[in-house]
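Here the structure comes first, spelled out in structure tokens, and everything after it is commentary.
Here the structure is a predicted model, which is why all the values come from computation and not from measurement. In what follows, chains carry the letters A, B, and so on, assigned in the order in which the sequence lines appear, proteins first and then strands, with residues in each chain numbered from 1.
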Protein chains: 2
Amino acid sequence: MVNSRFSVAIHILSLIATTSDKNQLTSEYIAGSVNTNPVVVRRMIGVLKKAGLLTSQTGIPGYDLLVEPKDLTLLAIYHAIDGPEQLFAIHDEPNPACSVGQKIQRTLEGVYTSVWHAMEEQLQAQTLQDVLDQLRK
Amino acid sequence: MVNSRFSVAIHILSLIATTSDKNQLTSEYIAGSVNTNPVVVRRMIGVLKKAGLLTSQTGIPGYDLLVEPKDLTLLAIYHAIDGPEQLFAIHDEPNPACSVGQKIQRTLEGVYTSVWHAMEEQLQAQTLQDVLDQLRK
DNA sequence: CAAACCTGTAACTATAATAGTTACAACAGG
DNA sequence: CCTGTTGTAACTATTATAGTTACAGGTTTG
């Protein structure tokens with residue numbers, strides 16, 4: 001299983017999108033909702049900021065989305081947090097003297113790429129707005 | 001990224017399917033092709049054996065597949081090695097007092113399930129025989 | 001301007017998953 | 001009986017992730 005960074009990023013972005021009171025929207029408040037440490041939140045927000053998804057200012061509470069929720073796909077969020085581009089690792093340096101070892105890496109790459117594309121399609125099809133709609137239900 | 005156990009399992013099964021000389025097919029030989037330790041190979045083979053994919057006997061070199069490569073889907077192999085049933089972790093215990101924290105887990109489960117199914121379909125569509133064909137090319 | 005509060009980061013620690021290694025019991029076959 | 005093999009347990013090493021402490025620097029407000 002991949003880490004929970006993706007889940008935390010979506011949680012944070014959902015809070016920013018739905019919280020109107022800026023003074024309430026501190027890293028400590030967000031951490032309280034996510035159930036983690038404020039530094040973990042600020043660290044993650046730093047990543048999302050670098051990716052151009054939101055903005056903030058040192059010393060001033062609150063964050064602003066730079067992309068409309070309906071235009072923000074989950075795939076874009078995934079890329080923002082620099083999630084791994086492959087789901088499965090391929091073992092290093094199989095024996096090139098063996099007919100299987102020689103070609104297994106390229107073969108597995110093909111298999112895993114097809115799996116990866118299927119996953120990308122699903123993430124591309126859903127936006128932050130879809131998540132917000134689910135949360136409101 | 002998930003671990004390389006899946007890749008190693010496919011590599012091992014490919015070797016068993018294509019190596020006719022049983023006396024050659026020792027855990028040490030397989031380890032040489034995979035580039036790992038013989039114990040890692042025997043450990044993985046133990047898992048595949050428990051799942052009913054192959055058979056072997058203590059003291060006697062060689063392994064036998066119990067399923068025809070054309071009938072062995074990559075998904076079955078994935079299940080055999082007890083791969084994780086979800087790709088992304090969901091953070092623990094978000095704050096139930098917060099409207100987002102209260103529903104985020106269920107919402108993310110829905111998102112991740114759709115991604116998971118897409119992945120399963122891809123793995124179901126490919127068999128060990130497909131891998132063997134790729135290796136032969 | 002001083003105190004209180006915030007963001008941004010670096011650095012360290014804790015935990016867990018994975019892989020690699022050593023060791024040895026049990027079995028087979030010459 | 002000796003050599004080689006499988007099957008496992010137990011330990012170590014490595015790495016990724018998350019959590020924590022500490023502090024620099026900006027903002028706001030009395």
Side-chain angles (χ1 to χ4, degrees), chain A residues 1-9 11-12 15-16 19 21-32 34-51 53-64 81-94, chain B residues 1-9 11-12 15-16 19 21-32 34-51 53-64 81-94:
Chain A
M1 176 131 37
V2 176
N3 54 48
S4 66
R5 291 175 69 224
F6 190 37
S7 298
V8 171
H11 191 151
I12 291 173
L15 280 171
I16 296 175
T19 307
D21 180 1
K22 286 283 185 59
N23 286 328
Q24 188 187 19
L25 196 60
T26 65
S27 62
E28 189 167 355
Y29 169 80
I30 295 173
V34 173
N35 186 31
T36 184
N37 193 290
V39 176
V40 171
V41 171
R42 295 204 290 270
R43 195 189 287 156
M44 171 60 75
I45 284 179
V47 170
L48 298 174
K49 195 175 178 180
K50 249 179 210 157
L53 267 48
L54 53 79
T55 184
S56 65
Q57 253 184 299
T58 302
I60 307 179
Y63 302 91
D64 285 291
I81 66 167
D82 216 29
E85 285 292 319
Q86 281 296 344
L87 299 172
F88 306 110
I90 298 178
H91 49 295
D92 282 341
E93 300 174 27
Chain B
M1 173 128 42
V2 177
N3 54 49
S4 66
R5 290 175 69 225
F6 190 37
S7 298
V8 171
H11 191 151
I12 290 174
L15 280 172
I16 295 175
T19 307
D21 180 1
K22 287 284 184 61
N23 285 329
Q24 186 186 20
L25 195 60
T26 66
S27 63
E28 188 167 354
Y29 170 80
I30 296 173
V34 173
N35 187 33
T36 184
N37 192 290
V39 176
V40 172
V41 171
R42 295 204 290 269
R43 193 190 288 155
M44 171 61 73
I45 284 179
V47 170
L48 298 174
K49 194 176 178 180
K50 249 179 210 157
L53 267 48
L54 52 81
T55 186
S56 65
Q57 253 184 300
T58 301
I60 307 178
Y63 301 91
D64 285 291
I81 67 166
D82 215 30
E85 285 292 320
Q86 280 296 343
L87 300 171
F88 306 110
I90 297 178
H91 49 294
D92 283 340
E93 300 174 28

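- Contact annotation: A/Y29 side-chain N/O to C/dC6 OP1/OP2 distance is not under 4.0 Å.
- Residues A/Y63 and A/I30 have side chains in contact (heavy-atom distance under 4.5 Å, counting atoms from C-beta outward).
- Rounded to whole Å, atom C1' of D/dT28 lies 16 Å from atom NZ of A/K22.
- For A/N35 and D/dA18, the CG to C1' distance is 12 Å, given to the nearest whole Å.
- We find that CG of B/N37 is positioned 13 Å from P of C/dA23, with the value rounded to whole Å.
- Set against D/dT17, D/dG19, D/dT28, the side chain of A/N3 has D/dT17 as its closest nucleotide.
- Applying the 4.0 Å criterion to OP1 and OP2 of D/dG19, one finds that A/T36 has a side-chain N or O inside that range.
- Nearest heavy atom pair, residue A/I16 against residue A/L25, reads CA-CD2, 4.0 Å.
- With contacts defined as side-chain heavy-atom distances shorter than 4.5 Å, the pair A/V34/B/H91 qualifies.
- Note: CD1 (A/I45) to C1' (C/dT7) measures 9 Å, nearest angstrom.
- The nearest whole Å value for the distance from the CZ atom in B/F88 to the C1' atom in D/dA16 is 16 Å.
- Nearest to the side chain of A/T58, among D/dG26, C/dA19, D/dA18, sits D/dG26.
- Taking atom CD1 on B/I60 and atom C1' on C/dG30, their separation rounds to 14 Å, with Å as the unit.
- With C/dT9, C/dC6, D/dT6 as the candidates, the nucleotide lying closest to the side chain of A/R42 is C/dT9.
- Side-chain proximity of B/Y63 to D/dT27, D/dG7, C/dG20: nearest is D/dG7.
- Judged by distance alone, with hydrogens and angles left aside, the side-chain atoms of A/R5 form a donor-acceptor pair with the main-chain N or O of A/I81 at under 3.5 Å.
- A sub-4.0 Å separation between OP1 or OP2 of D/dT6 and a side-chain N or O of B/S56 is absent.
- What separates NZ of A/K50 from C1' of C/dG8 is a distance of 10 Å, to the nearest Å.
- Closest to the B/P61 side chain, of the nucleotides D/dA9, D/dT20, D/dT5, is D/dT5.
- Residue order along DNA chain D, read from the 5' end via each residue's closest nucleotide, puts B/N23 first among B/N23 and B/G46.
- We find that CD1 of A/I30 is positioned 10 Å from P of C/dG8, with the value rounded to whole Å.
- Within a 6.0 Å sphere centred on CD of A/Q57, other residues, nucleotides and ligands contribute 12 heavy atoms or fewer.
- Between B/E28 and A/Q57, the residue anchored closer to the 5' end of DNA chain D is B/E28, taking for each the nucleotide with the nearest heavy atom.
- Of all nucleotides listed (D/dG19, C/dA26, D/dA10), D/dG19 comes nearest to the side chain of A/R43.
- Of the listed nucleotides (C/dT7, D/dA9, C/dG20), D/dA9 has the atom at the smallest distance from the side chain of B/V39.
- An OP1 or OP2 oxygen of D/dG7 is reached within less than 4.0 angstrom by a side-chain nitrogen or oxygen of B/K49.
- Contact detail for B/Q24 and B/T19: the closest heavy-atom pair is OE1-CG2, 3.6 Å.
- Here B/S4 does not reach the OP1 or OP2 of C/dT18: none of its side-chain N or O atoms lies under 4.0 Å away.
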